[in-house]
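Notes to accompany the following structure.
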Amino acid sequence: MLILWSAWLLSNPLFSFPQNVRFGYPTCASCHVNPNGGGVLTPYGRSTLSEAMTTWSYNGEENLLYGLFKPSKRIDVAADVRYLVLPEQRFSMQKEFEFALNWSRYIYGVASSGMYGPLDTPDSRRYYLMATDQKNFWIKAGRFFPNYGIMSNEHYMLYRGRNFNQGQETWNVEGIYRNNWIEISAAAVLGHPDDQQFGTKTEGFTSRILITPPKWKLTTGISFLGLFDELGYLQPYPAFSAIWAPFKQLWFETQAGEEDAFFRIGVEPYRGFSIKPQVEHTYLDEHPKYSVILEWLPRPHFDVQAVFESERYIFMYHFYI
Amino acid sequence: MNKSGEIAKNTTPEIYPIGFECGPLSLALISQSIWTIILEPNKDGVFKMKTFLFALTLMCATSHCIANDLESIIRNLEGELGTAKFEAVGNPGFLTIEGDKGSITGKYSKAGGKLTGSFDINLNSLSTDMELRDEHMKTKYLETKKYPKATLTVENVVLPKDGYFKFAGKLSLHGKTNAASGDCLLKEAVNFECKFKIALTDYGIAIPEWKGVTVAKDVNIVVRVALK
């Protein structure tokens with residue numbers, strides 16, 4: 001149970017906010033180097049964090065090391081420490097460094113390195129080359145999570161159980177096309193670094209079609225994950241997902257597959273502080289699981305999360321430079 | 001209402017600045033339905049927490065609507081004819097930038113089924129809901145200290161009884177004047193919603209750019225006025 005709880009609550013290093021559709025951001029590409037979201041922020045992403053998401057900030061505080069360094073045109077840097085407090089134990093679940101070098105913002109080289117979990121297991125979970133025209137097209141090759149459903153920072157079991165858990169970033173080649181109304185992406189999943197060691201074969205593909213009607217503050221679509229099993233048969237995992245923000249302070253998220261479903265309400269009564277009740281039912285659960293997430297981003301470089309279920313609580317502290 | 005061209009005072013537009021009716025009662029019912037469907041009170045402690053969260057959700061869902069309605073009533077008492085908003089797109093990411101609350105005053109006359117008028121949009125009242133972005137918009141790009149208003153003039157625009165029609169006029173913005181034309185929707189003979197597109201470069205406005213995100217040069221303008 002402890003392992004499942006830890007797995008569920010380990011805030012994925014992706015740390016993206018798809019609910020930012022409420023600010024007019026239908027995708028993640030404005031704020032993140034990775035157009036799928038998560039990971040190192042662009043200078044614009046840091047600025048948006050400060051302007052729209054944290055309770056307080058001073059001018060330039062969002063920049064590297066509290067504004068000690070000004071934004072660079074060539075390199076974006078991130079370093080994250082996440083500390084987990086459970087009733088039974090506490091430990092740092094992530095200590096990670098990521099950087100993204102670019103040539104005119106059209107060609108990128110991204111790499112991360114860190115230590116994870118209570119045993120400080122070293123790993124390099126994301127490294128890829130990317131080319132983009134910064135408007136309609138992205139192509140990436142390397143190790144990362146391919147596009148599938150809502151790439152939320154609170155990764156629920158529905159997502160984690162489908163090969164998107166901590167450390168399950170795969171080698172992929174992915175292409176994305178986007179315009180004002182639609183995003184189409186497809187990725188070939190080419191394996192996982194641990195396949196040889198454990199004799200597994202993590203191969204397949206993902207695809208996602210998202211509809212993002214301008215002004216509707218809505219992102220919805222269908223995803224498909226297909227992984228080959230040991231006998232060479234393709235195991236399909238289709239899913240529907242939607243994020244809708246009728247108001248800036250209120251949004252809804254949902255994702256549902258054949259055996260899994262998830263629904264969350266997000267309320268932000270005060271800027272930077274949000275309350276997110278949710279219900280989730282996956283193939284691993286006998287009964288639906290209810291919980292409430294409280295999240296506070298008081299200032300840039302720090303945020304805190306508390307999760308309450310009927311019988312347990314979890315706190316997570318996140319520091320980043 | 002005065003048809004001779006005097007500024008209409010104490011008007012109460014029957015249109016909602018946010019673009020749709022915002023009924024607190026309907027929102028409360030929706031919130032309650034969602035809550036009932038998703039969560040079932042089964043224990044006292046849990047039920048109390050859920051009740052509290054329900055009340056919080058309801059308060060947040062309705063506060064936005066109430067604030068907007070109050071704001072529109074206050075502005076109406078100041079003699080405004082309506083509001084203007086703009087929609088722009090930024091890349092990467094096709095982010096939508098919306099600016100609204102641009103108050104409109106002006107003079108107009110409706111005679112013989114034709115509208116002639118001059119409408120001033122107060123650019124200082126525009127808001128994109130982000131302080132830094134508003135500051136850049138007004139100081140760096142629109143230069144509202146030098147050019148505090150945009151003026152849309154129309155002459156002898158033929159009005160239908162109700163429904164869609166085309167309009168043509170001139171827009172003065174940032175010290176330059178260009179032809180402007182677009183589509184309008186007229187409801188109940190007094191409520192106008194007109195949309196047209198402009199190119200920022202036609203008005204000498206530099207293409208906005210901030211930390212790698214660039215705004216597309218074409219911007220959509222929406223003007224909502226009540227002209228009785």
Side-chain angles (χ1 to χ4, degrees), chain A residues 20-21 23-32 35 42-48 50-52 59 71 73 76 102 105 132-136 138 178-183 212-217 246-250 252 263-270 275 277-279 288 290 292 308 310, chain B residues 18-20 22 27 30-31 34-35 37-43 45-46 49-50 52-65 67-68 85 87-100 128-136 209-216 220 222:
Chain A
N20 279 1
V21 68
F23 298 125
Y25 299 105
T27 71
C28 312
S30 304
C31 298
H32 290 273
T42 62
Y44 183 88
R46 284 182 181 262
S47 180
T48 300
S50 178
E51 279 297 308
N59 190 24
K73 287 185 181 178
D76 301 308
N102 77 85
R105 295 273 167 196
T132 172
D133 68 347
Q134 288 292 343
K135 189 178 176 188
N136 298 113
W138 284 261
R178 143 153 292 284
N179 65 28
N180 211 10
W181 271 82
I182 193 169
E183 178 190 286
T212 58
K215 298 182 291 185
W216 285 27
K217 305 284 171 66
F247 305 108
K248 202 171 68 173
Q249 301 92 343
L250 176 68
F252 303 94
F263 182 82
R264 176 189 295 159
I265 300 172
V267 178
E268 190 182 49
Y270 195 78
I275 304 167
Q278 66 178 34
V279 58
Y290 302 99
V292 175
F308 298 96
S310 56
Chain B
I18 53 174
F20 58 91
C22 201
L27 285 168
I30 290 169
S31 301
I34 290 170
W35 191 266
I37 289 167
I38 295 169
L39 295 164
E40 303 166 12
N42 49 20
K43 292 181 183 177
V46 174
M49 182 179 77
K50 289 174 184 175
F52 167 73
L53 288 172
F54 161 68
L56 194 62
T57 306
L58 177 61
M59 181 183 76
C60 293
T62 56
S63 63
H64 174 85
C65 307
N68 264 292
K85 67 181 272 190
E87 295 150 4
V89 174
N91 277 302
F94 285 94
L95 70 106
T96 304
I97 302 164
E98 290 181 317
D100 60 6
T128 66
D129 234 359
M130 277 193 199
E131 210 174 293
L132 185 64
R133 189 161 61 191
D134 288 347
E135 184 191 322
H136 288 170
E209 187 272 339
W210 176 245
K211 297 196 173 181
V213 172
T214 305
V215 176
N220 292 318
V222 180

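It should be emphasised that the depicted structure is a prediction, and the values quoted were computed from it without experimental measurement. Each chain gets a letter, A, B and so on, in the order its sequence line appears, and its residues count up from 1.
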- line: Heavy-atom closest pair (A/T48 atom, B/M130 atom, distance to 0.1 Å) is CG2-CE, 4.3 Å
- prompt: Where does A/K217 contact chain B at under 4.5 Å (heavy atoms): side chain, backbone, both or neither?
  reply: side chain
task: Check whether any side-chain heavy atom of A/E51 lies under 4.5 Å from a side-chain heavy atom of B/R133, and answer yes or no.
output: no
- prompt: What residue in B/N91, B/I97, B/T214, B/V89 has the most heavy-atom pairs under 4.5 Å with chain A?
  reply: B/N91
message: Between B/F94 and A/K135, is the side chain to side chain contact (heavy atoms under 4.5 Å, CB included) condition met? List the steps.
response: CA-CA 8 Å; B/F94 285 94; A/K135 189 178 176 188; 4.0 Å; yes
query: Can you check whether B/L132 reaches A/S47 side chain to side chain, under 4.5 Å on heavy atoms?
result: yes
- prompt: Can you name the closest pair of heavy atoms from A/Y44 and B/V213 and give their distance?
  reply: CG-CG2, 3.4 Å
Taking every non-hydrogen atom, the tightest pair across B/K211 and A/P71: NZ-CG, 3.9 Å
task: May I ask you to decide if B/P92's main-chain N or O and A/S30's side chain share a donor-acceptor pair within less than 3.5 Å?
output: yes
salt_bridge(B/E87, A/K215) N-O dist < 4.0 Å: yes
field: Engaged part of A/T42 at the chain B interface, taking heavy atoms whose separation is under 4.5 Å
entry: neither
- prompt: For chain A, which of B/G93, B/G212, B/G90 has the most heavy-atom pairs under 4.5 Å?
  reply: B/G93
From CG (B/L95) to CZ (A/F23), nearest 0.5 Å: 12.5 Å
- request: Let me know if A/R105 has heavy atoms under 4.5 Å from chain B in its side chain, its backbone, both or neither.
  value: neither
message: Please classify the contact between B/E131 and chain A as side chain, backbone, both or neither, with a heavy-atom cut-off of under 4.5 Å.
response: both
